[in-house]
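Nothing here was measured: the structure is a model prediction, and the numbers come from that model.
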Amino acid sequence: IHEEQNHLRVRYARVEKHPAEDIERQIVEKFGEYLEGCGLKETVEVSIEEMGEITRPPSTQKVRQIFSKVKAPPNAS
């Protein structure tokens, strides 16, 4: 979830046998690698939230992978 400019919140659901610490470490590593490759690692904050389950809209049953609450800057193309 793109919460605000330069802040992303990652929500995840886990299988019981996988420790939350391991999953969160992997998420931080992967986002860190991606952001570093884009030159944004020092600019963008990533927070992580474990969910009991990821809800799906009844109409589509699809998980929305990216959700932005932030409007694009006026100079974005």
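Contacts of Glu50 classified as salt bridge (charged side-chain N to carboxylate O under 4.0 Å, His left out), with partners at least two apart in sequence or in another chain: Arg14. Under the rule for a side chain to side chain contact (heavy atoms under 4.5 Å, CB included), the partners of Thr60 that lie at least two apart in sequence or sit in another chain are Pro57, Lys62. Evaluation of the side chain to side chain donor-acceptor pair (under 3.5 Å) rule for Glu49 yields Arg9 as partners, not counting sequence neighbours.
Scanning all heavy atoms of the two residues, the minimum distance from Ala13 to Gly52 falls at CB-O, 4.2 Å.
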Enumerate, atom names and distances included, each donor-acceptor pair closer than 3.5 Å involving a side-chain atom of residues 21-42, sequence neighbours excluded.
{"residue": "Glu24", "atom": "OE2", "partner": "Tyr12", "partner atom": "OH", "Å": "2.8"}
{"residue": "Arg25", "atom": "NH1", "partner": "Glu29", "partner atom": "OE2", "Å": "3.4"}

